[in-house]
Number of protein chains: 2
Amino acid sequence: MEKSAPDPLEHPREDEIDLSKVLFALSDPARLELVRQLRDAPLEAARCHLQDPSLPKSTKSHQMKVLREAGVIRNEPKGRGRLLSLRREELNRRFPGLLDAILDAS
Amino acid sequence: MEKSAPDPLEHPREDEIDLSKVLFALSDPARLELVRQLRDAPLEAARCHLQDPSLPKSTKSHQMKVLREAGVIRNEPKGRGRLLSLRREELNRRFPGLLDAILDAS
DNA sequence: GTAATAGTTCGAATATTTTCGAACCAATGA
DNA sequence: TCATTGGTTCGAAAATATTCGAACTATTAC
């Protein structure tokens with residue numbers, strides 16, 4: 001108990017966020033749907049779901065990883081679970097207008 | 001010579017253009033670079049190039065196909081070659097702001 | 001401490017994409 | 001006509017991505 005657990009998950013720095021990776025991450029309908037659930041506010045991972053909720057948790061974890069490694073979402077420990085949030089400010093600075101254009105798309 | 005050759009290549013209608021396919025098509029750096037070359041004006045296919053110009057023409061043709069089938073570019077016969085153009089108006093109507101946000105991204 | 005919850009990670013199987021050469025086709029030019 | 005240019009298409013091989021179960025970790029509740 002000398003230390004509290006550090007966040008083991010790596011997030012790219014704002015200046016490392018790569019357009020191709022962002023577009024790829026968002027090009028999957030299931031991942032985009034996950035992101036849309038974070039549009040208005042951060043959400044505990046346990047409260048957001050893939051389209052098909054019967055998929056195993058390792059699959060959901062993989063999709064969250066793709067989004068995180070692309071720099072689209074933040075994933076930090078919270079209580080016994082995880083808090084997911086959109087990296088909105090960073091994305092808006094890095095690629096102005098992109099995120100909203102995608103989220104607003106019908 | 002009763003008919004001129006019809007365009008054999010299929011293009012999705014504007015209302016069929018799918019966001020995920022567009023994002024996927026543009027998520028490849030080589031394809032995005034191709035698209036950037038069409039930003040200001042249509043171009044004959046022979047005058048635009050992949051990053052690595054030593055790649056065989058079947059590879060370039062494949063990348064053009066992915067972009068065309070996603071609805072990002074138009075590919076029509078012209079003379080003995082092909083004229084490529086961005087489907088800018090359709091994309092702007094379908095997904096306002098998206099194309100410019102991507103093309104403007106550093 | 002033990003059990004339950006909420007995940008991550010690993011490895012293997014599967015599915016999807018990409019790459020490339022070969023074959024093909026249409027338009028132009030000699 | 002025949003050759004050249006500028007592509008498309010096919011099929012197979014290689015590279016990537018996805019899915020899933022099993023094993024593992026951390027936190028909270030009891």
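What you see below is based on every heavy atom in this structure, not just the backbone, and it leaves out hydrogens, waters and symmetry mates.
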Under 3.5 Å, N/O pairs linking protein and nucleotides 1-3 of chain D:
none

(request) Could you tell me whether a side-chain N or O of R68(A) sits under 3.5 Å from a main-chain N or O of L9(A), the two making a donor and an acceptor? (result) no
(request) Ignoring the backbone of R80(A), work out which of dA27(C), dT27(D), dG7(D) is nearest its side chain. (result) dT27(D)
Mind checking what makes side-chain contact (heavy atoms from CB on, under 4.5 Å) contact with [X], not counting sequence neighbours?
| X | value |
| --- | --- |
| Q51(B) | P29(B), A30(B), E33(B) |
| D40(A) | none |
| R74(B) | H11(B), E76(B), S85(B), R87(B), E90(B) |

(message) Just to verify, what does E44(B) make a salt bridge (charged side-chain N to carboxylate O under 4.0 Å, His left out) with, not counting sequence neighbours?
(response) R47(B), K78(B)
(request) Mind running a 4.0 Å heavy-atom check of residues 22-34 of chain B against DNA chain D and sending the residues that fall below it, in number order? (result) none
(message) Which residues in residues 42-70 of chain B have a heavy atom closer than 4.0 Å to any atom of DNA chain D?
(response) A45(B), A46(B), K57(B), S58(B), S61(B), M64(B)
(message) Does the protein touch nucleotides 11-16 of chain D at the base, only the backbone, or not at all? Give it as B, S and - per nucleotide, heavy atoms under 4.0 Å.
(response) ------
Using distance only, find each side-chain donor-acceptor pair of residues 96-103 of chain B under 3.5 Å and give its atom names and separation, not counting sequence neighbours.
none

(message) Which Ile, Leu, Val, Met, Phe, Trp or Tyr residues join F24(B) in one cluster when any pair of side-chain heavy atoms under 4.5 Å counts as a link?
(response) F24(A)
Interatomic distance, [X] [atom1] vs [N] [atom2] [rounded to whole Å]:
| X | N | atom1 | atom2 | answer |
| --- | --- | --- | --- | --- |
| E76(A) | dA26(D) | CD | C1' | 16 Å |
| R82(B) | dA27(C) | CZ | C1' | 11 Å |
| L9(B) | dT9(D) | CG | C1' | 10 Å |

Distance-only check: which donor-acceptor pairs under 3.5 Å involve side-chain atoms of residues 57-67 of chain B, not counting sequence neighbours?
unit_1	atom_1	unit_2	atom_2	d
K60(B)	NZ	A45(B)	O	2.7
K60(B)	NZ	C48(B)	O	2.6
Q63(B)	OE1	R31(B)	NH1	2.8

(request) Any pair with a residue in residues 16-29 of chain A that passes side chain to side chain donor-acceptor pair (under 3.5 Å), sequence neighbours left out, goes on the list, sorted by first then second residue, please. (result) R13(A)-E16(A)
(message) When you measure from the side-chain N and O atoms of N75(B) to the phosphate of dG7(D), is any distance below 4.0 Å, counting only OP1 and OP2?
(response) no
